[in-house]
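This report concerns only the one structure given below.
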Amino acid sequence: MTDSPSSQSAPDTATSRTSPRGEARRRRQREVAREHFLQNGYAATSINEIAREAGGSLTTLYRNFGNKEGLFLAVMQQEAQSVWSVMDHEVNEARRVDEALEHFGMAMLTLALEPQLIRLFRGLAFESGRNPQLGKLFLDNGPKLTRQRLAGYLARQVAEGHLPGSGLGQEPLAAANLLTGMLLNPLHVDALLGSFPEPADPESLRPHVRRCVRVFIAGFGA
C-alpha cells in the first residue's frame, strides 16, 4: 500500500467503532497523525509511518480514515472541537457573554499561534496552490467550522436577550467572522511571517483578547 488517497475507500466508521478497543486504536492513530502533521507538514507526512508508530495494521488505519486526506480531516475536526470545548464549558457554567467570549478567544488564539500549527499553516498555503481541495478541507473543518459554531452561539445569545438583536445581531456569521478576525490580526499574520515570537506565557495574550471582546460587544448592536 502507498500513501495515495485515490487507491483507498472511504472510512468505515461503523466498523472502527464496534468495540472500545477499536475506538481506542482509532484515537491513537489520530493522535499520532496530529503529531506528524504538525511536525512535518501535510506533504511530508507518511501515512505508513503513522501506522507503524500508532501500532496495528495499515489496513486498519485506511479502514478507519479512508486515506491521508481523511486522516487529516479527522485531526482538523478534533482541533476545532478542542477550541469549542472551552466555549461549551463556559456556556454550561452559565458565564456572562463577555467572559465566555474571552475564554473562547484565549483558546483559539493560543492554538492558532502554536509554533507547530503555524508551520502547518505555511505548508498548507503552499500545498493548496497545487491542491485547492486540501485548503478547502482544512478551512471547512477547522476555521470555518469554528466560526459557524460561534455564529450559532451568538444567535442563541440574541434569542435569549443577552445580546441586542439589531446591528450585528441580525448577521451572526458576519459577527463571528468579525470577532475571529479581530482576535487573529495582526498576531497571526506576524507569526506566519516569523515576526511574532511565541509568547512565553499565553496569559500575555489576554489583554489583546479582552480588548477585542470589549470592542466587539460594544459595537454589537450598532
Side-chain angles (χ1 to χ4, degrees), residues 34 37 42 69-70 72-114 117-118 120-122 124-125 127-129 131-192 196 202 205-222:
R34 180 187 187 276
F37 282 129
Y42 181 86
E69 287 187 1
F72 182 70
L73 168 63
V75 170
M76 288 301 101
Q77 289 175 330
Q78 183 63 33
E79 292 297 285
Q81 180 59 35
S82 68
V83 171
W84 199 257
S85 65
V86 174
M87 179 65 84
D88 284 339
H89 172 74
E90 294 304 309
V91 172
N92 290 337
E93 292 293 317
R95 301 278 187 177
R96 298 195 322 253
V97 175
D98 59 337
E99 292 178 341
L101 292 179
E102 182 180 327
H103 280 73
F104 163 78
M106 286 292 295
M108 187 190 74
L109 200 53
T110 300
L111 177 64
L113 296 177
E114 189 176 287
L117 196 59
I118 288 294
L120 180 62
F121 270 45
R122 290 171 182 154
L124 283 172
E127 287 296 320
S128 295
N131 183 4
Q133 182 60 31
L134 180 60
K136 184 176 186 302
L137 187 71
F138 169 74
L139 289 173
D140 288 350
N141 295 279
K144 192 172 181 179
L145 181 62
T146 300
R147 293 194 297 266
Q148 289 172 338
R149 295 195 67 177
L150 177 59
Y153 169 78
L154 295 172
R156 289 194 299 274
Q157 300 312 301
V158 170
E160 294 171 7
H162 302 308
L163 284 171
S166 57
L168 286 172
Q170 299 175 353
E171 301 178 85
L173 184 56
N177 291 337
L178 180 62
L179 178 57
T180 54
M182 291 169 62
L183 289 165
L184 288 170
N185 288 318
L187 304 182
H188 195 238
V189 172
D190 290 351
L192 286 171
F196 181 77
L205 300 170
R206 192 171 296 277
H208 167 74
V209 171
R210 191 164 286 165
R211 282 193 296 269
C212 289
V213 171
R214 186 166 62 243
V215 170
F216 174 77
I217 290 180
F220 194 86

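The figures that follow rest on heavy atoms only: side chains count, while hydrogens, waters and symmetry mates do not. Note that the numbering runs from 1 along the sequence shown for the chain.
- Residue H208 comes nearest to N185 through the heavy atom pair CE1-O, 3.9 Å, listed as atom of the first residue, atom of the second, then distance.
- Residues H162 and R156 fail the side-chain proximity criterion, which asks for heavy atoms closer than 4.5 Å.
- Using a 30° and 60° split on the angle between ring planes, F138 and F121 fall in the perpendicular class, above 60°.
- We find that E99 and R214 are not joined by a salt bridge, their nearest charged nitrogen and carboxylate oxygen being 4.0 Å or further apart.
- Here CG of L137 is found 6.5 Å from CZ of F72. Values are rounded to the nearest 0.5 Å.
- Here the side chain of T110 pairs no donor or acceptor atom with the backbone of P202 at under 3.5 angstrom.
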Exercise for review: Before giving the answer on salt bridge (Lys or Arg N to Asp or Glu O under 4.0 Å), spell out for K136 and E69 the whole-Å C-alpha distance, their side-chain angles and the decisive distance to 0.1 Å.
Suggested key: CA-CA 11 Å; K136 184 176 186 302; E69 287 187 1; over 6 Å; no

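- For the atom pair L145 CG and L150 CG, the distance stands at 11.5 Å (nearest 0.5 Å).
- Of all non-hydrogen atoms in A151 and A176, the two that sit nearest each other are N-CB, 3.7 Å.
- Nearest heavy atoms, F37 versus L120: O-CD1, 3.6 Å.
- Between atom CG of residue L205 and atom CG of residue L187 there is a gap of 7.0 Å, rounded to the nearest 0.5 Å.
- The minimum heavy-atom distance between C212 and L179, with the atom names listed, is O-CD1, 4.3 Å.
- Between F104 and T146, some side-chain heavy-atom pair lies under the 4.5 Å cut-off.
- For the salt bridge (charged side-chain N to carboxylate O under 4.0 Å, His left out) test, residues two or more places apart in sequence or in another chain that qualify with R149 are D88.
- Looking only at distances, a side-chain donor or acceptor of R122 sits under 3.5 Å from a matching main-chain atom of L192.
- One distance of note links CE of M76 with CG of L124; it measures 7.5 Å at 0.5 Å rounding.
- Rounding to the nearest 0.5 angstrom, the gap separating the CG atom in L168 from the CZ atom in F220 is 6.0 Å.
- Looking at heavy atoms from C-beta onward, Q78 lies out of side-chain contact with R34 at the 4.5 angstrom threshold.
- Between R206 and E102 the shortest heavy-atom distance is NH1-OE2, 2.6 Å.
- Atom NE2 of H188 and atom CE of M108 lie 9.0 Å apart (nearest 0.5 Å).
- Remark: of the listed residues L183, D98, L154, V97, L154 is the sole one forming a side chain to side chain contact (heavy atoms under 4.5 Å, CB included) with F216.
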